Structures are given as C-alpha cells and as structure tokens.
Amino acid sequence: MKEYDYLIVGAGLFGSVFAHEVSKRGKKCLVIDKRAHSGGNIHCEKIEGINVHKYGAHIFHTNDKDIWDYVNQFVEFNRYTNSPVAVYGGKIYNLPFNMNTFYQLWGVLTPDEAIKKIEEQVKNSGIKEPKNLEEQAISLVGIDIYEKLIKGYTEKQWGRKATELPAFIIKRLPVRFTYDNNYFNDKYQGIPIGGYNKLTEGLLNGIEVQLGVDFFADREKYESLCDKIIFTGKIDEYFNFEFGELEYRSLKFEHQILDQENFQGNAVVNYTEREIPFTRIIEHKHFEFGKQAKTVITHEFPLEWSSGMESYYPINDDSNSLKFKKYSDLAKKETNVYFGGRLAEYRYYDMHQIIASSLKLSKIC
Ligand code: FAD
Ligand code: UDP
C-alpha cells in the first residue's frame, strides 16, 4: 500500500481539477509544482488592489453549461466581455472582425456591402483551398484586414512567416457581419470576482500541495510514493528528450504600476504593426471594472524560445507534430502514468477545454 493514490505533477488548472475530483471520491492526492504558487498560468498577483494576470490575460469562456456551473461553484464570475481593440497606423480598429471593423476600414455601412468587399478581395487572391495561416486569413477576411490587422501581429507573435503557420490558429477568431465586438462566440464568459486564485484555492482546498518542488529533482522518490501519476509537465522532458525537444513560443511580460486611474480605457489593446515589438498591452483593472487610484499595465513581448525558458505556445507545425506523436506513442505504453494539460498534450488549449479534459480523465482513472 503506497502513501498516496495519486501524485499529480503540476498544480495548474488540469492538475487542480483532477485532484479535486478524485479527492471527492476519497482518494489521497499529493500535488507538486515547481513554481512557488499554484494555479499554473492562471495565477494572479494582487498589486495596488488589482488582480494582475502574471502569465498573460485570461478570459474564461465556454459554451458548455456544465463547465460554467463547475467553475461557478468555487467563485462567482463577473459579466466581463472581452472586446479588444487593435492599433494600426495610429488608428483604432474593433476586434474581432465585425461590422465596426469593416466600417472603420472601408466606410461600408451594411453587411451586404461588407460581404461584397471581402468576396471581391478573396476572388482577386485566387486562393481556393487555404493551406496555411496567410491563405486561411485572406480567404476569411480579404487582403486589407490581413495586411493591417493579422500579418504583422501573427508574424511577431509566432516568429515565423504566416505562410509557415497552421491555418487553425486564425480560425479561433470570429468573423461576423453584425456590430458586435465580443471576441468570443461562447454563451458564457467572465472573470472570477476576486481573481483566478479563488478558483484554484477552491479546487485545492483540503488537498496536500507542495510548492517549489520539481518532479525531476527526485523522480524515483515521487514515483515510489503513489499508485498512479498524473503528469501535466512537458511530455518530452518526462521521456528525457529521447526524440529531441518539442519547440514552443515564449513570452516576456513587463508589468508596470502607473500613477493614473485609467491608462488605455480597455483591458486589451493589440498592436498589430510588425515594427512594434510587443503584441498587446493589458490593463488589468478593467477585467474587474476596478476603480483604484493607480493602474497596472503589462506589455506582452513574444520571444524566441530556447531550452530552459517558459514554454507558452506549442508550435504545432509538421516537424513538432511528428515528434509529439512519437512521445505520445511512448506515453500510451506507460502503466499507471497519465498525461494531461497543455504541456503534456502539447496543445493550444483554452481553460474550458482543460477542465473538460481533466474531468474526463478523472472519471476513467
Ligand atoms: P499550466 O497552467 O501550465 O500548469 C502546469 C503546471 O505544471 C505549472 O504550474 C508548472 O509549473 C507545473 N510543472 C511543469 N513541470 C513540472 C515539474 N517537472 N515538476 C513540478 N511541476 C511542474 N485560456 C483561456 O481559456 N482564455 C484565455 O484568455 C487564455 N489566455 C491565455 C494567454 C496566454 C498568454 C497563455 C499562455 C495561455 C492562455 N490561455 C487562455 C490558456 C490557459 O492558460 C491554459 O489552458 C491553462 O492554464 C492550462 O492549464 P494546465 O494545467 O494544462 O497548464
Ligand atoms: N491575431 C491577429 N491579430 C490580432 C489578434 C489575433 O492576427 O489582433 C491572430 C494571431 O495569429 C493570434 C491568433 O489570431 O496568434 C489567435 O489570437 P488569440 O487572441 O486567440 O490569441 P491568444 O490570446 O491565445 O494569444
């Protein structure tokens, strides 16, 4: 009989949901995380009374009522709706691409006029079956929007040409012919009142958590402690990088406290020009409609990733996908070790998808 039923490597959202669910069934868990805090990338730090999203802006959205009810058991969510704006050439454009954007670009007033304009541009491009992000973007919204609002942002975000990126990345963004600046199509959306830490604390309440502990620093000890392992770290690291390292895109966040109440009037402002080195400025207080005297802003700089850096976005191109397939084949052969979350599954997952995937795993193992 081992000391724990489960060792959960990673106190991010995946690990926390899993630990919560199996603990409810009376299982004994140990959750470890190499960072000094739980929550993984949804962790917030309170600065000047403002919940600062330390690892990038996080907006919760889902179409699934069960997932929405699930998170609302732990913390109430507010009615925040993400409506970022883009700055290009000193002008503001609404996102996602909608009638406001089409009006700002072309002066068109009706959906028919906008559709006609886009269809004309798509036809001129000659693209029939989009094979990469550039072709996908042009066939969705035409060349003007691609050049002003997508190309520069995408190429600095990913550090690669848009022609070398997979089309699915741009399909995340809605295109609509209504005057609606809501960035998401989902039925439910919001920010936890009081910050994401309330969600993590609720999930991990009563569960043993050890922070500042790296699984690989004492792998054998941890393996001997438990019957089963839920691993939410990097899958390539688990297998000693046997097939080489999976590549990521990294980010640098520069947080600043400003002695003014309102810096940019919106939580998210994107800078779509290639020449501006950051992709967006986040003003955190607007996520919770804050009225504090000061404000905290974050410039988000995309960075070339190299070994040892924080791994944010998986690069799901052909060579990395092939490499990942080899690791996932090895993972299938493991007994009593289960892999989940954005690092172990090497997927560009949103929070609601992580929760759904963790709930599913918790029911079968
Ligand atoms: P993580 O949060 O990365 O947690 C994994 C944990 O494992 C980490 O805490 C790590 O320290 C720990 N760990 C790794 N290796 C080890 C080890 N060897 N030993 C011990 N611990 C280890 N989603 C949305 O729904 N809406 C958004 O607006 C949104 N915005 C985002 C913005 C950015 C910039 C990024 C990068 C992501 C965003 N996401 C968003 C996605 C969201 O962050 C993820 O879906 C979610 O947090 C992933 O949870 P996870 O538990 O899989 O991973
Ligand atoms: N994107 C863009 N211009 C923008 C915002 C997004 O071209 O102003 C593209 C870019 O390629 C980005 C993708 O759309 O990687 C997905 O954007 P999202 O805002 O969903 O990215 P995330 O918040 O996950 O970084």
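From a predicted model like this one, the values you see are computed outputs, not experimental measurements. Values below: every heavy atom of this structure, side chains too, minus hydrogens, waters and symmetry copies. As the structure lists them, so they are numbered: ligands from 1, and atoms in each ligand from 1.
- Remark: ligand 2 atoms within the under-4.0 Å shell around heavy atoms of I170 are 9 (C), 14 (O).
- M351 N, 2.7 Å is the protein heavy atom nearest to atom 25 (O) of ligand 1.
- Judged by the shortest distance from any of its heavy atoms, K151 lies outside the 4.0 Å radius around the atoms of ligand 2.
- Going from atom NE2 of H352 over to atom OH of Y188 covers 13.0 Å, rounded to the nearest 0.5 Å.
- Ligand 2 has no nitrogen or oxygen under 3.5 angstrom from a nitrogen or oxygen of T272.
- Salt-bridge formation is not detected for the pair D144/K148: no Lys NZ or Arg NE/NH1/NH2 atom is positioned less than 4.0 Å from an Asp or Glu carboxylate oxygen.
- Taking any N or O of Y349, backbone or side chain, at least one lies under 3.5 Å from an N or O belonging to ligand 1.
- Residue contacts with ligand 1 do not include Y348, since none of its heavy atoms lies under 4.0 Å from the ligand.
- Less than 6.0 angstrom separates the ring centroid of Y313 from the ring centroid of W158.
- Between the side chains of D69 and N72, no donor N or O sits under 3.5 Å from an acceptor N or O.
- Taking the ring centre of F301 as origin, the terminal cationic atom of K252 falls inside the region bounded by 6.0 Å and 45° from the ring axis.
- Those atoms of ligand 2 with a heavy atom of I150 less than 4.0 angstrom away are 7 (O).
- Figure legend: K151 and Y146 shown without cation-pi pairing, the cationic atom not lying both under 6.0 angstrom from the six-membered ring centre and within 45 degrees of its axis.
- Residue contact annotation: V213 has a non-hydrogen atom under 4.0 Å from ligand 1.
- Side-chain atoms of Q264 come within 3.5 Å of backbone atoms of N266 as a donor-acceptor pair (strictly under, hydrogens ignored).
- Close contacts between ligand 2 and I169 involve ligand atoms 11 (O), 13 (C), 15 (O), 16 (C) [criterion: under 4.0 Å to a heavy atom].
- Hydrophobic cluster membership differs between F253 and F263, with clusters built from Ile, Leu, Val, Met, Phe, Trp and Tyr side chains linked at under 4.5 angstrom.
- Considering backbone and side-chain N/O atoms, E300 never comes within less than 3.5 Å of an N/O atom of ligand 1.
- Counting the atoms of ligand 2 from 1 in the order shown, those under 4.0 Å from a heavy atom of Y313 are 22 (P), 24 (O), 25 (O).
- Polar contact with ligand 1: absent for F253 (N/O pair, distance under 3.5 Å).
- Looking only at heavy atoms of the protein, atom 14 (C) of ligand 1 is closest to G233 CA, 3.6 Å.
- Smallest separation of non-hydrogen atoms from V85 and L95: C-CD1, 4.1 Å.
- A salt bridge links K24 and E21; the closest N-O separation between the charged side-chain nitrogens and carboxylate oxygens is under 4.0 Å.
- Counting the atoms of ligand 2 from 1 in the order shown, those under 4.0 Å from a heavy atom of R280 are 22 (P), 23 (O), 25 (O).
- In this structure, R347 forms no cation-pi arrangement with F324, as its terminal cationic atom is not both closer than 6.0 Å to the ring centre and no more than 45° off the ring axis.
- In this structure, of R280, H61, H58, the residue bringing a heavy atom nearest to atom 40 (C) of ligand 1 is H58.
- Under the 30°/60° scheme for interplanar angles, the aromatic rings of F215 and Y238 are found to lie parallel.
- Using a 4.0 Å cut-off to heavy atoms of D214, the atoms of ligand 1 that qualify are 17 (C), 18 (N), 19 (N).
- Annotation: L13 places an N or O atom under 3.5 Å from an N or O atom of ligand 1; distance criterion only.
- Counting only distance, with no hydrogens or angles, the side chain of D64 and the backbone of Q353 share no donor-acceptor pair below 3.5 Å.
- Residue Y55 places no N or O, backbone or side chain, under 3.5 Å from any N or O of ligand 1.
- The protein atom (non-hydrogen) at minimum distance from atom 19 (N) of ligand 1 is F215 N, 3.1 Å.
- Residue L149 has at least one heavy-atom neighbour below 4.0 Å for each of these atoms of ligand 2: 2 (C), 3 (N), 4 (C), 7 (O), 8 (O).
- Among K333, K326, K325, the single residue meeting the salt bridge (Lys or Arg N to Asp or Glu O under 4.0 Å) criterion with D329 is K325.
- Each of the following atoms of ligand 2 lies closer than 4.0 Å to a heavy atom of Y183: 5 (C), 6 (C), 17 (O), 18 (P), 19 (O).
- Of all protein heavy atoms, the one closest to atom 26 (N) of ligand 1 is I59 O, 2.8 Å.
- The distance from ligand 1 to the heavy atoms of G341 drops below 4.0 Å at these ligand atoms: 52 (O).
- Side chains of H284 and T298: a donor on one and an acceptor on the other come within 3.5 Å.
- Remark: D236 does not engage K323 in a salt bridge, criterion side-chain N to carboxylate O under 4.0 Å.
- Where the criterion is an N or O separation shorter than 3.5 Å, residue side chain and backbone included, L343 fails it with respect to ligand 1.
- Atom numbering of ligand 1 starts at 1 in the shown order; those under 4.0 Å from a heavy atom of L251 are 34 (C).
- In terms of polar-atom proximity, R342 is counted as a contact of ligand 1, with an N or O under 3.5 Å from an N or O of the ligand.
- Any N or O atom pair closer than 3.5 Å counts here, and F60 shares no such pair with ligand 1.
- Considering backbone and side-chain atoms alike, Y313 places every N or O at 3.5 Å or more from each N or O of ligand 1.
- In summary, the atoms of ligand 2 found under 4.0 Å from a heavy atom of N270, numbered by their order in the structure, are 4 (C), 5 (C), 8 (O).
- Between E237 and ligand 1, no pair of N/O atoms sits closer than 3.5 Å.
- Set against the non-hydrogen atoms of F14, the atoms of ligand 1 under 4.0 Å away are 51 (O), 52 (O).
- Backbone and side-chain nitrogen or oxygen atoms of Y153 are examined, and none is located within less than 3.5 angstrom of a nitrogen or oxygen of ligand 2.
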